[in-house]
Amino acid sequence: MARTPAAPRGTRDILPEETALWRRVESVARELSDRYAFERVETPLFERVELFARSAGETSDVVEKEMFRVAGAKGSEEERAEWALRPEPTAGIVRAYIEHGLHVQPGPLRFWLIGAMFRYDRPQAGRYRQFTQWDCEVLGDPGPMVDAELIELALRFYADCGVTGVTAHLNSIGDGACRPAFREALVEYFARVEDRLTDDSRRRLRINPLRVLDDRRLDPDLAAGAPRSIDFLCEPCRQHFDAVRSLLDGLGCRYVIDHRLVRGLDYYTRTTFEFFVAGREGQQQALGGGGRYDGLVEALGGRPTTGIGFGLGLDRTIMAMAEQGIEPPRDGALVAVVGATDDLVARLRVCTALREAGVRVRPDGSTRKLGKQLEAAAKAGARWAVIVGEETAGDSVVLRDLDAGEQQELPLAGVAASIAGSGAA
RNA sequence: GUGGCCUUAGCUCAAUUGGCAGAGCAUCGGAUUGUGGCUCCGAAGGUUAGGGGUUCGAGACCCCUAGGCCACCCCA
């Protein structure tokens, strides 16, 4: 451990150079959330461990090995082990939906949030212990249209962020009526070739056979010959899946069917989807994912209510944007206020007046030589400098165009209009 | 949780066989008795990630720890 304080493992500081891209991504997410008529919610960053165990599943990786436990300063050992930082947002949103009786509101309900998620995993580029997701959830909408709508929304998000080469992977893993048969077929199939499975897969074969398909080390021949969930769908699930596909086709949304896409969280039913970006052949190419969870509300003690949602990783979206050379949004023209005299009161008054007029102002509070102040202004990226000095009369200041190297004396009240009129903003 | 490669100034990197820890960029100041970017000059910036060992002597070699990256695992 270094003597100087360091950020905890797997976390990082996001500095101004990078926050420019963050602003763009966040504003796209906010704007789309609003345009698609989602309503903003916030839930706690930590919840009871039991909530995640009951929703994501005891055998899911996030519960089994990636839970970030929170210890209280006081209390018994048991009490201190009771909470965990949220590894995903759906459980908290569904918990809030049930707790506040939101089912009485006219549905379907559409929620969104942007927030930090936590997974105690081994860090790597694009994989952090604290990361940020944009999450959208729809509760109480059983029809296939919302499935297609969410996938279209996610693809539009990537497009609006400027990311290209994003592919939607799609699958249906059925529901309580048809999945048991699929599960049985998987067990029967893999049990015969158990000696060709990894240790992990052999264990999963007993406790959660669908996730054998998740295993990237699975022999390609075995994977190709494995039972496919869509061949086992019951009639309602098959109709739902067919409808989702034809809706996506009708929208012109491109996707590929991925028979091995079963998702790591147990609450998913029917539609599952993930978004991958081209160019990262190894890991961290998954930018986001989601699916339908028609049994989750009931499993957590609420009335039977369908649900569907996605979580998109903003860190990875930004990483993809940076790799694709996408420019961050430009700031508005910056005006530096510098002083030819040491009269700081006059300088600060000018700053305030300009800000009231809507100008973006960076003041120089030093009494350095004017040349130094102008140099600092130019280095800070200022397009203009307002020089507050004694040689000007009354309310007048000098407005200097730092790019052109030209300046003029004019009344303070005319500065904002002059900048706006130059078209250089 | 497993394996591999790494860590020298704020950043990018040098340092011969184990022999005085350096450069460029960035920062600050001066040239500039108050109008910037260029140029020139100068200053500051280091317990070489942390700890231990070998040695007359370690940035370099050995061990431990921490962190980063990569491949697994899994996902966002």
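A quick note: this is a predicted structure, and the numbers were derived from the prediction, not measured. Proteins get letters first, then strands, A, B, ... in listed order; numbering begins at 1 in each. FYI, side chains are in, hydrogens and waters are out, and symmetry mates aren't considered; it's all heavy atoms of this structure.
For Tyr120(A) and Phe118(A), the distance between ring centers is not under 6.0 angstrom.
Side-chain atoms of Arg9(A) stay outside donor-acceptor range of the base of G68(B), with no qualifying N/O pair under 3.5 Å. At a cut-off of 3.5 angstrom, counting only N and O atoms as typed in the model, there is a donor on one side and an acceptor on the other between the side-chain of Arg127(A) and the base of C73(B).
Here the separation of G57(B) from A71(B), taken at their P atoms, is 43 Å to the nearest Å. Going from the C1' atom of C69(B) to that of G30(B) covers 43 Å, rounded to whole Å. To the nearest whole angstrom, the two P atoms, one in G10(B) and one in C6(B), are 23 Å apart. Taking the C1' atom of each, U48(B) and A21(B) are spaced 8 Å apart, rounded to whole Å. A gap of 11 Å separates the P atoms of U65(B) and U2(B), to the nearest Å. Comparing A15(B) with C28(B), their C1' atoms sit 27 Å apart, to the nearest whole Å. Rounded to a whole angstrom, the distance from the C1' atom of G36(B) to that of G51(B) is 49 Å. Taking atom P on both U27(B) and A66(B), the two are 37 Å apart, rounded to the nearest angstrom.
Atom-to-atom, CG of Leu399(A) to C1' of U35(B) comes out at 14 Å; the value is rounded to the nearest Å. Rounding to whole angstrom units, CG of residue Asp13(A) and P of G68(B) are separated by 12 Å. Atom CE of Met319(A) is separated from atom P of C70(B) by 8 Å (rounded to the nearest Å). When the P atom of A66(B) is taken as reference, atom CZ of Arg122(A) falls 11 Å away, rounded to whole Å. In this structure, the CG atom of Asp364(A) is 11 Å from the P atom of C28(B), given to the nearest Å. The distance from atom CZ of Arg383(A) to atom P of G36(B) is 18 Å, rounded to the nearest whole Å. Remark: C1' of C75(B) and OH of Tyr268(A) are 11 Å apart, rounded to the nearest angstrom. Whole-Å rounding puts the Leu370(A) CG to G37(B) P distance at 12 Å.
Classification of Glu149(A) and Arg110(A) as a salt-bridged pair holds, one side-chain N sitting under 4.0 Å from a carboxylate O.
If you find the closest nucleotide of RNA chain B to Glu406(A) and to Leu218(A), the one lying nearer the 5' end belongs to Glu406(A). Place Arg129(A) and Ala378(A) on RNA chain B by their nearest nucleotides, and Ala378(A) ends up nearer the 5' end.
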Inset, instruction - Apply side-chain hydrogen bond (donor to acceptor under 3.5 Å, both in side chains) to Asp249(A) and Tyr255(A), showing your working. - result: CA-CA 9 Å; Asp249(A) 292 338; Tyr255(A) 59 90; 3.1 Å; yes
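At the heavy-atom level, Arg204(A) lies under 4.0 Å from the strands shown only through sugar-phosphate atoms. Base engagement by Gln407(A) is indicated by at least one non-hydrogen atom pair under 4.0 Å involving a base atom. Within 4.0 Å (heavy atoms only), Asp401(A) reaches at least one base atom of the nucleic acid. Nucleic acid contact class of Thr367(A) (heavy atoms, under 4.0 Å, all strands): base. As judged by a 4.0 angstrom heavy-atom cut-off over every strand, Gly290(A) is placed among residues making no nucleic acid contact.
Dashed line: the shortest gap from a side-chain N or O of Lys369(A) to OP1 or OP2 of C28(B) is not under 4.0 Å. Contact between the side-chain N/O atoms of Gln373(A) and the OP1/OP2 oxygens of G34(B) is not found at any separation under 4.0 Å.
Across A76(B), G1(B), G68(B), the shortest atom-to-atom separation from the side chain of Pro123(A) is found for G68(B). The side chain of Ala286(A) approaches A76(B) more closely than any other nucleotide in the set A71(B), G30(B), A76(B). Candidate nucleotides A76(B), U35(B), C73(B) were compared by shortest atom distance to the side chain of Ile387(A), and U35(B) ranks first. Nearest nucleotide to the Leu374(A) side chain, out of C75(B), G36(B), C72(B): G36(B). With G34(B), G36(B), G4(B) as the choices, the nucleotide that has an atom nearest any side-chain atom of Leu402(A) turns out to be G36(B). Listed candidates were U35(B), G34(B), A76(B). Nearest to the side chain of Tyr128(A) is A76(B). Among the nucleotides G34(B), C70(B), G36(B), the one closest to any side-chain atom of Glu375(A) is G36(B). In the set C28(B), C75(B), U35(B), the nucleotide with an atom closest to the side chain of Lys379(A) is C28(B). Closest to the side chain of Lys372(A), out of G29(B), A71(B), A76(B), is G29(B). In the set A76(B), A71(B), C69(B), C69(B) carries the atom at the smallest distance from any side-chain atom of Ala125(A).
Shown here, C69(B) forms a base pair with G4(B); the pair counts as Watson-Crick or G-U wobble because both key distances fall under 3.5 Å. Checking C20(B) for Watson-Crick or G-U wobble geometry (two distances, each under 3.5 Å) identifies no partner in any strand. If you check C61(B) for Watson-Crick or wobble pairing at under 3.5 angstrom, you find it paired to G53(B). Within the shown strands, nothing qualifies as a pairing partner of A14(B) under the Watson-Crick or G-U definition with both distances less than 3.5 Å. Applying the Watson-Crick and G-U wobble criteria (two distances, each under 3.5 Å), G29(B) pairs with C41(B).
Using a 4.5 Å cut-off on side-chain heavy atoms (C-beta onward), Thr271(A) and Leu150(A) make no contact. Contact check for Ile257(A) versus Arg245(A): side-chain heavy atoms found under the 4.5 Å cut-off. Side-chain atoms of Leu248(A) and Arg254(A), non-hydrogen and from C-beta on, never get closer than 4.5 Å to each other.
Looking at Ile318(A), Leu21(A), Val25(A) one by one, the single match for side chain to side chain contact (heavy atoms under 4.5 Å, CB included) with Pro328(A) turns out to be Leu21(A).
The aromatic rings of Trp134(A) and Phe157(A) sit tilted relative to each other, their planes meeting at an angle between 30° and 60°.
Side-chain contact, Asp147(A) with His240(A): a donor N or O sits under 3.5 Å from an acceptor N or O.
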